[in-house]
Amino acid sequence: MNENDHITHMQTAYEQALKSYEEGGLPIGAVLVETATGKVLAAGHNQRVQAGNPILHGEMDCLQKAGRRGNYRGTTLYTTLSPCMMCAGTIVQFGIEKVVVGEKENFDGNIEFLKERGVEVVLLDDAQCKALMGKFIKEKPELWREDIAEG
């Protein structure tokens, strides 16, 4: 996949994040893509607030929607925000080979953890991902602290 593919798939992840934001949830979206073809396998967004589920982060919702797979080799996960340790651990556990991150300015996440375990990480430094998350953090700092377990 090339840079245009990254932009297209990150836009889909961003739209998921925006959907969550508009539902009153945390604006984090994710998309799982077949690397060779660019086919979208699933898309999801953070639903901790909406579903009352503390582990339903954007990446986890996306993977749940992808359903059972024999393995995740040959897939790329797009996420609007650098993954937390729970999501990073799941990426490693499932053998997802590549993660494209929208931004890490608002949350540094676990990019180094992923890289140390052989996951290819691409950081897009996406302005709209940064702006939406920054806006959310200013509007709902208590909910943000809860999401990152600092509440």
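For the single chain, residues carry numbers from 1 onward in sequence order.
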Close side-chain approach of [X] to [Y], heavy-atom, < 4.5 Å:
| X | Y | result |
| --- | --- | --- |
| Tyr72 | Leu63 | yes |
| Asp126 | Ile7 | no |
| Glu97 | Glu120 | no |
| Phe107 | Met133 | no |
| Leu77 | Glu59 | yes |
| Val101 | Val121 | yes |
| Leu18 | Leu132 | yes |
| Ile91 | Val99 | yes |

Assigning hydrophobic clusters by single linkage (Ile, Leu, Val, Met, Phe, Trp, Tyr; side-chain heavy-atom cutoff under 4.5 Å), is [X] placed with [Y]?
| X | Y | answer |
| --- | --- | --- |
| Ile111 | Tyr78 | no |
| Ile28 | Met60 | no |
| Ile148 | Phe136 | yes |
| Val92 | Ile96 | yes |

Salt-bridge present ([X], [Y]; N to O < 4.0 Å):
| X | Y | result |
| --- | --- | --- |
| Arg145 | Glu150 | no |
| Arg48 | Glu146 | yes |
| Lys130 | Asp125 | yes |

Quick one: [atom1] on [X] to [atom2] on [Y], what's the gap to the nearest 0.5 Å?
| X | Y | atom1 | atom2 | value |
| --- | --- | --- | --- | --- |
| Asp108 | Glu103 | CG | CD | 10.0 Å |
| Asn71 | Arg69 | CG | CZ | 7.0 Å |
| Glu112 | Ser82 | CD | OG | 9.5 Å |
| Asn110 | Lys115 | CG | NZ | 12.5 Å |

Return the minimal non-hydrogen interatomic distance between [X] and [Y], and the atom names on each side.
| X | Y | answer |
| --- | --- | --- |
| Val31 | Ala13 | CG2-N, 3.5 Å |
| Cys129 | Met10 | SG-SD, 4.1 Å |
| Gln50 | Ser20 | NE2-OG, 3.1 Å |
| Ala30 | Gly58 | CB-O, 3.6 Å |
| Asn106 | Trp144 | O-CZ2, 3.9 Å |
| Ala17 | His45 | N-CB, 4.5 Å |

Notebook entry, point to check: Which is it for Tyr21 and Glu139 under the side-chain hydrogen bond (donor to acceptor under 3.5 Å, both in side chains) test, yes or no, and what are the steps along the way?
Noted result: CA-CA 11 Å; Tyr21 176 81; Glu139 291 173 352; 2.6 Å; yes
Notebook entry, point to check: Crowded around Gln93 CD? As in, over 12 foreign heavy atoms under 6.0 Å?
Noted result: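 Incorrect, the count does not exceed 12.
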Item checked: Within 6.0 Å of CZ in Arg117, more than 12 heavy atoms from elsewhere ->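 Correct, the count exceeds 12.
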Margin query: Is there a side-chain contact (heavy atoms from CB on, under 4.5 Å) between Val40 and His9? Walk through the geometry before answering.
Written below: CA-CA 8 Å; Val40 173; His9 294 308; 3.8 Å; yes
Next item on the list: Let me see the working for Cys84 and His57 under side-chain contact (heavy atoms from CB on, under 4.5 Å), right down to the final yes or no.
Entry: CA-CA 9 Å; Cys84 72; His57 287 197; 3.4 Å; yes
Next item on the list: Run the numbers on Glu34 and Thr37 for side-chain hydrogen bond (donor to acceptor under 3.5 Å, both in side chains), then give the verdict.
Entry: CA-CA 6 Å; Glu34 192 173 80; Thr37 65; 2.6 Å; yes
Next item on the list: Walk me through it: do Gln128 and Gln11 pass the test side-chain contact (heavy atoms from CB on, under 4.5 Å)?
Entry: CA-CA 9 Å; Gln128 67 179 355; Gln11 182 62 36; 2.6 Å; yes
Next item on the list: Scan Leu124, Leu123, Asp5 and name whichever one has a side-chain contact (heavy atoms from CB on, under 4.5 Å) with Val100.
Entry: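 In the set Leu124, Leu123, Asp5, the residue that makes a side-chain contact (heavy atoms from CB on, under 4.5 Å) with Val100 is Leu124.
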Checklist line | Any donor-acceptor pair under 3.5 Å from Thr75 side chain to Val33 backbone | finding: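 Pair absent, no side-chain N/O of Thr75 close to backbone of Val33.
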Check: Would you find a donor on one side and an acceptor on the other, under 3.5 Å apart, between the side chain of Thr35 and the backbone of Thr76?
Finding: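 Present.
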Next item on the list: Go through the steps to decide whether Leu143 and Val49 satisfy the test side-chain contact (heavy atoms from CB on, under 4.5 Å), and finish with yes or no.
Entry: CA-CA 9 Å; Leu143 187 53; Val49 172; 3.7 Å; yes
